[in-house]
Undergrad: 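Pasting a structure below so you can have a look.
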Amino acid sequence: MSGSTKKASKPPQLSTQEIQQIYSRYQSDLQSLASKIGELEQEAEEHSLVLSTLDEALAEEPDRKCFRLIGGILVERTVKEVVPALQTNRDNIRKVISTLAEQYKTKEEEFDKFKQEFNIRPVG
């Protein structure tokens, strides 16, 4: 009796249209994550570039004027005030990139499992 109630290995019955929608959603989600990761990597690189430029000023003139855009408002600070904030921002961006990369990997594994489950293969 208990042998006939276990059917977990068989995929759920979905229509071709439902399978196509799920497939498209996976592709869209992966594309969205990849795009966001790319944007954040570029932003982290920009932070690193600015920090490498400001490191010279920090060593020579830590009280030198520095302007920073915060929430659309340009504020005047000193180099010694801006550098730690930029380092923190860059580190936080890198943490988010790492988290998004893990999400991408998980979603990609789910997608591969879905493709195997429904025997989906690329045409061409």
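Just so we're clear, the structure is a prediction, and the values are computed from it rather than from any experiment.
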Undergrad: In the hydrophobic cluster built from side-chain contacts under 4.5 Å, what are the other members alongside Leu51?
TA: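 Noted: Leu51 shares its cluster with Val50, Leu54, Leu58, Val79, Val82, Val83, Leu86.
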
Undergrad: Please list, chain by chain and in numerical order, all residues satisfying side chain to side chain contact (heavy atoms under 4.5 Å, CB included) with Ser15, sequence neighbours excluded.
TA: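 Result, side chain to side chain contact (heavy atoms under 4.5 Å, CB included) vs Ser15: Gln17, Glu18.
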
Undergrad: Can you name the ring pair (Phe, Tyr, Trp, His ring centres under 6.0 Å) partners of Phe111, sequence neighbours left out?
TA: Tyr23, Tyr26

Undergrad: Taking C-beta and beyond as the side chain, do Val96 and Asn92 meet within less than 4.5 Å on heavy atoms?
TA: no

Undergrad: Quick one: which residue pairs count as a salt bridge (Lys or Arg N to Asp or Glu O under 4.0 Å) with a foot in residues 20-35, not counting sequence neighbours?
TA: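 Qualifying pairs: Asp29-Lys107.
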
Undergrad: Asp91: which residues meet the salt bridge (Lys or Arg N to Asp or Glu O under 4.0 Å) condition with it, sequence neighbours left out?
TA: none

Undergrad: Scan residues 56-66 for pairs that pass side chain to side chain donor-acceptor pair (under 3.5 Å), counting only residues two or more places apart or in two chains.
TA: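 For residues 56-66: Asp63-Lys80.
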
Undergrad: Give me each pair satisfying ring-ring contact (aromatic ring centres under 6.0 Å, His included) with a member in residues 78-103, each pair once, sequence neighbours excluded.
TA: none

Undergrad: Should we say atom NZ of Lys36 is surrounded by more than 12 heavy atoms from elsewhere, each under 6.0 Å from it?
TA: no

Undergrad: Return the CD to CD1 distance between Glu117 and Ile19, rounded to the nearest 0.5 Å.
TA: 9.0 Å

Undergrad: Which distance, rounded to the nearest 0.5 Å, do you find between the CD of Glu109 and the CG of Asp112?
TA: 8.0 Å

Undergrad: Who pairs with Asp55 by salt bridge (Lys or Arg N to Asp or Glu O under 4.0 Å), at least two apart in sequence or on another chain?
TA: none

Undergrad: About how many Å separate CD1 of Ile37 and OG1 of Thr99, when rounded to the nearest 0.5 Å?
TA: 10.0 Å

Undergrad: For Lys105, what residues pass the salt bridge (Lys or Arg N to Asp or Glu O under 4.0 Å) criterion, not counting sequence neighbours?
TA: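 Result, salt bridge (Lys or Arg N to Asp or Glu O under 4.0 Å) vs Lys105: none returned.
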
Undergrad: Quick one: does Ile120's side chain get under 4.5 Å of Phe114's, heavy atoms only?
TA: yes

Undergrad: So does Pro84 get a backbone contact from the side chain of Thr88, meaning a donor-acceptor N/O pair under 3.5 Å?
TA: yes

Undergrad: With sequence neighbours excluded, what pairs up with Gln20 under the side chain to side chain contact (heavy atoms under 4.5 Å, CB included) test?
TA: Thr16

Undergrad: Mind listing the side-chain donor-acceptor pairs of residues 38-49 below 3.5 Å, one per line with the distance, residues two or more places apart or on another chain?
TA:
from  : atom 1 : to    : atom 2 : distance (Å)
His47 : ND1    : Glu43 : O      : 3.0
Ser48 : OG     : Ala44 : O      : 3.2
Ser48 : OG     : Arg94 : NH2    : 3.3

Undergrad: Does Ile73 sit in a hydrophobic cluster with other residues, and if so which ones, taking ILVMFWY side chains as linked at heavy-atom separations under 4.5 Å, directly or through other members?
TA: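 Under the 4.5 Å side-chain rule, Ile73 groups with Ile70, Val75.
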
Undergrad: Run the side-chain contact (heavy atoms from CB on, under 4.5 Å) check on Leu14 and Phe118 step by step: do they pass?
TA: CA-CA 9 Å; Leu14 297 174; Phe118 289 96; 3.6 Å; yes

